[in-house]
Every structure is written in structure tokens, then in C-alpha cells.
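The block underneath contains the structure these notes are about, expressed in C-alpha cells.
Treat the numbers as computed from the prediction; the structure is a model and nothing was measured.
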Amino acid sequence: MRMSNMFSRTLREAPNGADSKGYEYLLRAGFIRQMGAGIFSLLPLGFRATAKIEAIIRQEMERIGAQEILMPVVNTADIWKETGRYYSIDKEMSRFEDRVGRDMVLAMTHEEAVTDIARGEIDSYKRLPLLVYQIQTKWRDDPRPRAGLIRVREFTMKDSYSFDRDQAGLDKVYKAHYKAYFRIFSRCALPAIAVGADSGMMGGKVSHEYMYLSPIGEDTIINCPKCGYTANRQVATFQKDYYAEPEKAIEKIATPDAKTIDDLCAFLKIEPRQTAKAVFMVGTFVNDHTGEEHEKLIVAIIRGDMDVEESKLSNAARANSIRPAHEEEILEHGIVPGFGSLIGAKGDIIAIVDDSVAKSNNLVAGANEAGYHFINTNYGRDYDGTVADIASARQDYRCPVCGQPLNSSKGVEIGNIFQLGTRYSESMGCYYQDEDGVRKPVIMGSYGIGVGRLLACIAEEYNDEAGLKLPISVAPYQVHLISLVKDNAVGEELYEKLQSAGIEVLYDDRKESAGVKFADADLIGLPIRITVGNRSLKEGKVEVKIRETGEETSFLVSDLADEVKATVARLQKEIDDNIVEKELN
């Protein structure tokens, strides 16, 4: 491609709203352009880079036996109503009516669509196992798109779906995806870790997320450097200390102005672990069959030395979503904010008690009267509720496996795998007949990778103060050819020579200064830069620079094609030699 004919152009400064380096450089280098919040176009460079990523994904999916299909992004709402997700998913799902008034949706994911197909294709155990995948557009009306392609509303995803007759079959294909995903990310030269995760709206009991660790990430990853335990904070557990002792008589005491745990502990000269903190949320609950919504107050009780993890609380309460409660919503249940507890609470509420409270005794809790607390409160005697782990793990808490201090870091989710079980097959009637003629639900799995997000994370990982430094496996072109000589014929001849040798070349044939051309080459970040200059050309050579390392050398013009092909092969081998093949234990 000649840069004089390029559809996109480079920008000297980043547009407003570029909130990360990778996003800034993808914009400035002309890979992407924004249409609206969370909606982007891929320009030629961005399209070629994502095509490289998609090629890697296809190779690895077919390596584990997956067949490629393509399902519509517009779904009839009927299939989503069968599973109940039409009603349970909030405003992230875009719903509309077609011209005859039929309910339709823009697919956020394709579990319903693929199950609808499968129930017409699978009738016998002889048809199992099956594995299909697609690379398709998704739409999620995210309320907070950010960081360019990191968090968007329209995106391209690789989603694969497995169909098995039993759990053993699902375990096998789940492990195959676990390994394949590490191969995909390492072939893209992107470091990734796998963490235990919450299944969320997908359903199922087993799930892993693949994380690119970065300060720009919104997910918090908890890991143990000693034994390797790793999980998203949404589901991470840790060893808790419990303080069991003989129960004492409950007593109400005055605690003026002690509305916070810190104030309370200072006033009573106690530690936060000796208190039972109340957290108030409102949960939204949706009838999966009618779509009717109702709200309830959720009162979470946790020890004062810990915090509530909202994802755990939502799961424990079985709420579709939760939000902080308003003061009037708390007061109408006889609970006084700042001095609140479950003791004396009235009305229809959901009480969730962390096991740190349930297994500790004689804690200080609110008396539901301004300026007063109870001392020596005990779960089971003074109040009740559902006991669950709703505590948020954090840095330096003790590992649940080995007891060593935990670490905390930020990460971006770049892939996920779910064991769905029979969540969709049972609700949609996807059954097979076994050898004895008994109809059984198909066992399913779901596996996703965000293609654009993967490109965005590569841009975050590979950049410096001048621009991108893209790996050879995903760079839109392998070579950036810059001609600084007046005779255009020289550059054209080398360009044609490299292309004839099968080398992907971006040729800067513009009438620009050397400074502009070099700046754009650094910004675009192709792996190999070849400069045709008057001085080196007199010696029969061209100058060569490796963008990632800054390594500089020169090649004889007569040997140029062979030398470049060898360099491309060397850079690719460096990636191939570091392909990760982690097994799921």
C-alpha cells in the first residue's frame, strides 16, 4: 500500500477523550475513528490488524475441532423469552419491534441463537459432541464506554459453543478452550492470565476469565504469589478469622454522633472486627416468564473490618441488579441510617449475613435509633438472615489455599469461558436420545474473545513515547518502506521487489520531509522500517530499523528481499518460541 493512497491519515495530536496511550495511538495512527460513544470504525490499518488477529483465532479454533458458522446479529425475541433473559437483562439489551410488531433484539451474545439451531440439528447421542464458532458483531448498550476499544457498545467477538452428552465431554472441550486461549493470546504476543470468575448473566457454575494486567483495567485481580491462586475480586475468597466466644447479654448504649465504623470504634475504644456493619442496597428482581419487575431492600451485614463485594451480594440475593438504597427506602423499614441493623427491622426485606458475622460473637450493631448502638449482638439469637460469603478480597488478606498474603492488581478481560451445563438446553428443549431411548438435555459450554479489545490491549502493551510498536504477528504490514531519494523509480522498484517476494509493505511515497515520514513510521509502529537514503544507496545498501528493540543495521539492495524475509521469520520465531500452552488442572 502506498501512503499517498491511504484512506486514513495520521494525527499530530490526540482528539479529546483519548484516556489511554493505546487508544491515543490507535486514533493518531489512523487505525480507528469514533462515530459515537462506544461506536468505532476500523480504518484500513485497524482492519488489517484485526484480520490478522481473527486469522490466529480461526487457526486455533479449528485446531480443537471447531466449525465456523455465522448467526444473525438481529434475533427474534421469542428465543430470548424462552430462556428468560429477554426479561432479566437490563437496558444493555436493545429491544425493538419489526414492521409487523414482532419483538426483536440486537444480540449481545448468541447462546439462544445457537441453541435454537442445535435443537433442530441434534436428535441422537450419535450427533455428539459438536463444537461451532463464529466471529460476529455484538451490541451491548453499555452505559459507560471508555478507553476506545477496551469498553464499547458495538464490538466483534469470537464466540464458540460446545454440545456434549455428559459432563466429561464438557470438561474435555472446556480444557481444550482453556489451552487454545493461551495459544491465541501468546501468538498475539499479549501476556495473559486466567482467573476464576463470576458467570453473571451467562449462567452455569464454572467460569474463567483471561486477563491482561494493566493499570487501565476495571477488573481487580486477586492472586497469591506463593501458590498461584488467582480470581477476579468478584468471586475471590480469602481466609477469615472468626471470633467465637460465649454469648453475652445484648445491651443498648448511647453512641452520640458515631455514624461510621471509625467513629464508633474511636468512641467505644474497640476494633472494627468487633462490629457488625450494615450495608443497604435495593435489588431488582424480574420474573423470567412475564418480565414483571419488583424491588426489595437488601440488608447486608458484614464485619466492620471488611467490605461488601456487590457481585457476591447480588448473587446471594438472586437479584438481577442492585443499587445503593435511598435514605427514604431504608427508613420505611424502621432502619435508621448511620445506626442501622437488622434488629427491629420491619417489612419485606432480604437479609444477607456474611459468615464473618455469623461465626463471630458479641458484635456491636446499630440499634435503629439515632445516637444508639447495641453491644453483644449475635446472629441467630438477635436477628436472622441468609449466611453467605459476601466479603470483598483485597491486598494482604490471606490466601484461601495456602494462607500467604494476597496481591491485588488491575486487569482488562480479553476472553472468557463458561460451563453452561443445561441452562439453555432445558429451557429451549435441546435434547438428545441416548442408547436406551431416553431423552436428555444437551450439556453446553460458551467461550468468547473480544477481537477489538484484543487489538486495544496489544496497543496498550506495545508503545513508547513515539507511538505503537506492534508485534509481527498482528501488525497490519510487516515493513514500512520510506524513500528519501528524489528518484521515485528507486523506491518503486524496491516496493515492487518486496511485494513480489510476498512481503507486506506500507510504502511512504509522499512528498513529505524525512522528519514527518519518520514520525509517522514510529507512530504507526510497523515491526521493520526500511529507509532508502542517498548516502546508503551509494553503497548499494538500505537502512533497517527494528521498531520494538531499536536495533539498526543495513541490507544490500541486491539481497533485500531475502534479508527482509529472514528478519520477518526471526521476529515471528521469537513469538512462536514463547507460545504458552497452559493446561487446566
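- Two rings, from Tyr432 and Tyr125, have their centers 6.0 Å or more apart.
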inquiry  = For a side chain to side chain contact (heavy atoms under 4.5 Å, CB included) check, start with the C-alpha distance between Ser356 and Ile302, then their side-chain angles and the critical distance, and finish with the verdict.
reply    = CA-CA 7 Å; Ser356 66; Ile302 193 166; 4.2 Å; yes

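- Asn75 places no side-chain N or O within donor-acceptor distance of the main-chain N or O of Ala107, the cut-off being under 3.5 Å.
- Remark: side-chain polar atoms of Arg119 are paired, donor with acceptor, to backbone N or O of Met428 under 3.5 angstrom.
- For the pair Glu583 and Lys179, the salt-bridge criterion is met [side-chain N within less than 4.0 Å of a carboxylate O].
- Of the N and O atoms on the side chains of Thr83 and Glu112, at least one donor lies less than 3.5 Å from an acceptor on the other residue.
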ask   = Are Lys158 and Glu54 close enough, and set up right, to give a salt bridge (Lys or Arg N to Asp or Glu O under 4.0 Å), and what steps lead you there?
value = CA-CA 8 Å; Lys158 185 289 301 179; Glu54 290 175 5; over 6 Å; no

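- Cation-pi check for Arg398 over Phe238 is not met; the charged atom does not lie both under 6.0 angstrom from the ring centroid and within 45 degrees of its normal.
- Residue Ala319 comes nearest to Ile322 through the heavy atom pair CB-CG2, 3.9 Å, listed as atom of the first residue, atom of the second, then distance.
- Leu313 and Met281 get closest at one heavy-atom pair: CD2-CG, 3.8 Å.
- A salt bridge does not link Glu92 with Arg140: none of the charged nitrogens is closer than 4.0 Å to a carboxylate oxygen.
- Ion pair Asp305/Arg303 flagged as a salt bridge, since at least one NZ, NE, NH1 or NH2 atom sits closer than 4.0 Å to an Asp/Glu carboxylate oxygen.
- Checking Gln167 against Gln419 by side-chain atom types alone, a donor-acceptor pair falls below 3.5 Å.
- A donor-acceptor distance shorter than 3.5 angstrom exists from the side chain of Thr377 to the backbone of Leu363, with no hydrogens or angles considered.
- In the model, Asp159 has a side-chain atom that pairs as donor or acceptor with a side-chain atom of Tyr161 under 3.5 Å.
- The shortest non-hydrogen separation linking Gly217 to Lys410 is O-CD, 3.6 Å.
- In summary, the aromatic rings of Phe182 and Tyr210 are positioned with their centroids under 6.0 Å apart.
- Atom OH of residue Tyr383 and atom OG of residue Ser341 lie 8.0 Å apart, to the nearest 0.5 angstrom.
- Counting heavy atoms from C-beta outward, Glu82 and Ser427 have side chains that stay 4.5 Å or more apart.
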message = side chain to side chain donor-acceptor pair (under 3.5 Å), that's the test. Do Ser162 and Tyr174 meet it? Break it down for me.
response = CA-CA 9 Å; Ser162 61; Tyr174 192 85; over 6 Å; no

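- Between Leu43 and Phe31 there is no side-chain heavy-atom pair separated by less than 4.5 Å.
- Between the CG atom in Asp116 and the SG atom in Cys430 there is a gap of 9.5 Å [rounded to 0.5 Å].
- Taken from CZ in Phe185 to CD1 in Ile458, the straight-line distance is 10.0 Å, to the nearest 0.5 Å.
- Residues Glu309 and Ser392 approach most closely at OE1-OG, 2.8 Å, considering heavy atoms.
- Electrostatic pairing of Lys277 and Asp307 counts as a salt bridge here, judged by a charged N lying under 4.0 Å from a carboxylate O.
- Using a 30° and 60° split on the angle between ring planes, His294 and Phe285 fall in the parallel class, below 30°.
- In this structure, the side chain of Asp98 engages the main chain of Val100 through a donor-acceptor pair within 3.5 Å.
- Residues Val474 and Lys52 approach most closely at CA-CB, 3.9 Å, considering heavy atoms.
- Around CZ of Phe47, the count of heavy atoms belonging to other residues, nucleotides or ligands within 6.0 Å does not exceed 12.
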key: Evaluation steps, side chain to side chain contact (heavy atoms under 4.5 Å, CB included), between Arg318 and Ile350   = CA-CA 10 Å; Arg318 298 186 177 181; Ile350 297 175; over 6 Å; no

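- No side-chain heavy atom of Gln67 sits less than 4.5 Å from a side-chain heavy atom of Leu131.
- Tested against Glu435, the residues Lys440, Lys126, Arg165 include a single salt bridge (Lys or Arg N to Asp or Glu O under 4.0 Å) partner, Arg165.
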inquiry  = Would Lys240 and Asp355 count as a side chain to side chain contact (heavy atoms under 4.5 Å, CB included) here? Give the steps.
reply    = CA-CA 9 Å; Lys240 300 176 183 176; Asp355 56 352; 2.5 Å; yes

request  = Given side chain to side chain contact (heavy atoms under 4.5 Å, CB included), test Tyr379 with Ile301 step by step and report yes or no.
outcome  = CA-CA 10 Å; Tyr379 168 78; Ile301 306 297; over 6 Å; no

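- Taking CG from Leu455 and CD1 from Ile53, the interatomic distance works out to 5.0 Å, rounded to the nearest 0.5 Å.
- The residues Asp241 and Arg273 are annotated as not salt-bridged, no charged nitrogen and carboxylate oxygen being separated by less than 4.0 angstrom.
- Between the side chains of Glu111 and Thr109, at least one donor-acceptor pair of N or O atoms lies under 3.5 Å.
- A salt bridge does not link Arg95 with Asp103: every distance from a Lys NZ or Arg NE/NH1/NH2 to an Asp or Glu carboxylate oxygen is 4.0 Å or more.
- Closest approach of Asp141 to Ser94, counting heavy atoms only: CB-OG, 4.1 Å.
- Between Glu154 and Lys138, no side-chain nitrogen of the basic residue sits less than 4.0 Å from a carboxylate oxygen of the acidic one, so the salt-bridge criterion is not met.
- With a 4.5 Å cut-off on side-chain heavy atoms, Tyr212 and Glu460 count as touching.
- Rounding to the nearest 0.5 Å places CG of Leu406 at 9.0 Å from CD of Gln239.
- Put simply, OH on Tyr229 and CG on Asn223 are 10.0 Å apart, with the number rounded to the nearest 0.5 Å.
- Side-chain contact, Asn232 with Glu209: a donor N or O sits under 3.5 Å from an acceptor N or O.
- Salt bridge present: Glu329 and Arg323 bring a charged side-chain N and a carboxylate O closer than 4.0 Å.
- Taking the side chain as every heavy atom from C-beta outward, Phe40 and Met35 never approach each other to under 4.5 Å.
- Comment: Arg151 engages Glu218 in a salt bridge, judged by a side-chain N to carboxylate O separation of less than 4.0 angstrom.
- With no hydrogens or angles considered, no side-chain donor-acceptor pair links Thr76 and Asp78 at under 3.5 Å.
- Within the 3.5 Å criterion, the main-chain N or O of Ser311 finds no donor-acceptor partner in the side chain of Ser314.
- Ion pair Lys172/Asp164 not flagged as a salt bridge, since none of the NZ, NE, NH1 or NH2 atoms sits closer than 4.0 Å to an Asp/Glu carboxylate oxygen.
- Under the 4.5 Å side-chain criterion, counting only non-hydrogen atoms from C-beta, Met211 is in contact with Glu413.
- Side-chain atoms of Tyr424 and Arg85 form a donor-acceptor pair, as typed in the model, at a separation below 3.5 Å.
- A side-chain donor-acceptor contact under 3.5 Å links Gln34 and Tyr23.
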inquiry  = Determine whether Gln136 and His110 satisfy the following criterion, side chain to side chain donor-acceptor pair (under 3.5 Å), listing intermediate values before the conclusion.
reply    = CA-CA 10 Å; Gln136 169 65 302; His110 279 76; 4.9 Å; no

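- Put simply, the side chain of Asp123 never gets that close to the backbone of Gly120: no donor and acceptor are under 3.5 Å apart.
- A distance-only check finds a donor-acceptor pair linking the side chain of His333 to the backbone of Lys346 [under 3.5 Å].
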